[in-house]
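Written out below as structure tokens is the structure these notes cover.
Residue numbers run from 1 in the order of the sequence given.
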Amino acid sequence: MNRKQYQGYLIDLDGTLYRGIEVIPGAVHFMKRLVESNIPYLYLTNNSSRLPEQVAKHLRSFGLPATPEQVYTSAMATAQYIQKNHPRSKVFVVGEEGLYHALIEVDMTLTDREPDVVVAGIDRTFDYEKCKRASLAIQAGAAYIATNVDRVLPTEEGYLPGSGTINIAISHASNRKPVVIGKPETIILQYALELLGTKEDETLIVGDNLETDILTGVRGGVDTLMVTTGVHTRLDVEKYNITPTFVVDHLDKWEI
Ligand SMILES: [Mg+2]
């Protein structure tokens, strides 16, 4: 193939490597080829609910090579952003274990009283009280940050409300728009590149979603490989007017 060899890979999870409880054919072989070629990679996910070790364990259950150090979540990027822009802050969290843990790791004080920062991500116990507290704090002047704004979460049950749906409620109630960290915003991309140690023009983003994975690359100047095993098809490329650098129907079709 007459193209450059990428020096680092940022790889999406759901729809790219597995779908629900099934590994996508070719995914394990693809990852093994990356490992054999000694090419560094990170698993890059918008899901803020799990700890990196839980994500790595989940990936290994599919036979995919993963350590916690190779996982970068929107929760981790959010914590890094807050550490950088709002150091030693009091933070009110709407979220789950992964987000709480990431914020504690960077020495934030978690509180529901007079926070400096409100952070919101997927929270499957989200209710009126949490929406109220978040909204009042933002109205009182707290910074407002969303881990990501994915509208839904694909599950066996169907498409369930995602972080984007929760953030619409908080945003509507507080009349403020959040700073968004996850894909397709480039904040998560910049931090992931720093961690991976590769530059924009030597890195490849691999993913199934035009509106998140591929748009991140388009915005951030990083080449993208779209695989049509998840949410979007080749026909969607024109519909969404978001153009991946490469499209394959199967990861086995990709030469590292
Ligand atoms: Mg995906």
With sequence neighbours excluded, what pairs up with Tyr43 under the ring-ring contact (aromatic ring centres under 6.0 Å, His included) test?
-> Tyr41
Please, which pairs that meet salt bridge (charged side-chain N to carboxylate O under 4.0 Å, His left out) have at least one residue in residues 228-241, sequence neighbours excluded?
-> Arg234-Asp249, Asp236-Lys239
Show the numbers, then the answer: is there a side-chain contact (heavy atoms from CB on, under 4.5 Å) between Val248 and Thr228?
-> CA-CA 7 Å; Val248 290; Thr228 60; over 6 Å; no
Please list all pairs passing the side chain to side chain donor-acceptor pair (under 3.5 Å) test where one or both residues lie in residues 5-19, with sequence neighbours left out.
-> Tyr6-Asp223, Tyr9-Trp254, Asp12-Thr16, Asp12-Lys183, Thr16-Asp208
For Asn209, check side chain to side chain contact (heavy atoms under 4.5 Å, CB included) against everything at least two apart and list the hits.
-> Glu211, Thr212, Asp213, Val231, His232
Closest heavy-atom contact between Asn148 and Ser163?
-> O-OG, 2.6 Å
Checking side-chain contact (heavy atoms from CB on, under 4.5 Å) for the pair Leu17/Ile11: CA distance, chi angles, key distance, verdict?
-> CA-CA 9 Å; Leu17 300 174; Ile11 306 158; 3.9 Å; yes
Please identify each residue that fulfils side chain to side chain contact (heavy atoms under 4.5 Å, CB included) with Leu195, with sequence neighbours left out.
-> Leu42, Tyr72
How would you list, by chain and number, every residue that makes a side chain to side chain contact (heavy atoms under 4.5 Å, CB included) with Lys132, sequence neighbours excluded?
-> Tyr128, Glu129, Leu136
Looking at residues at least two apart in the chain, or sitting in another chain, which of them share a side chain to side chain contact (heavy atoms under 4.5 Å, CB included) with Pro161?
-> Thr165
Residues passing the salt bridge (charged side-chain N to carboxylate O under 4.0 Å, His left out) test with Arg151, sequence neighbours excluded, are none
Are Glu255 and Arg33 ion-paired here, with the side-chain N under 4.0 Å from a carboxylate O?
-> no
Scan for salt bridge (charged side-chain N to carboxylate O under 4.0 Å, His left out) pairs involving residues 39-61, sequence neighbours excluded, and state none if there are none.
-> none
Tell me, with the steps shown, if Glu202 and Lys4 meet salt bridge (charged side-chain N to carboxylate O under 4.0 Å, His left out).
-> CA-CA 8 Å; Glu202 51 188 23; Lys4 65 177 153 187; over 6 Å; no
Test item: Leu153 and Arg124 side chains (from C-beta on) under 4.5 Å apart, heavy atoms | yes
Check the side chains of Thr147 and Thr78 for a donor-acceptor pair under 3.5 angstrom, ignoring hydrogens and angles.
-> no
Is there a side-chain contact (heavy atoms from CB on, under 4.5 Å) between Leu99 and Asp123 once you walk through the steps?
-> CA-CA 10 Å; Leu99 187 54; Asp123 181 343; over 6 Å; no
How is the hydrophobic cluster of Val218 composed, in terms of its other members, when Ile, Leu, Val, Met, Phe, Trp and Tyr link through side-chain heavy atoms under 4.5 Å apart, directly or indirectly?
-> Leu210, Ile214, Leu215, Met226, Val237, Tyr240, Ile242, Val247
By side-chain hydrogen bond (donor to acceptor under 3.5 Å, both in side chains), Ser174 pairs with (sequence neighbours left out) none
What's the spacing between Met31 CE and Phe62 CZ if we round to 0.5 Å?
-> 13.5 Å
Tell me, which pairs form a side chain to side chain donor-acceptor pair (under 3.5 Å) where one or both residues lie in residues 99-121, sequence neighbours left out?
-> none
Say whether Leu204 and Leu13 are linked into one hydrophobic cluster, either directly or through other cluster members, by side-chain heavy-atom distances under 4.5 angstrom.
-> yes
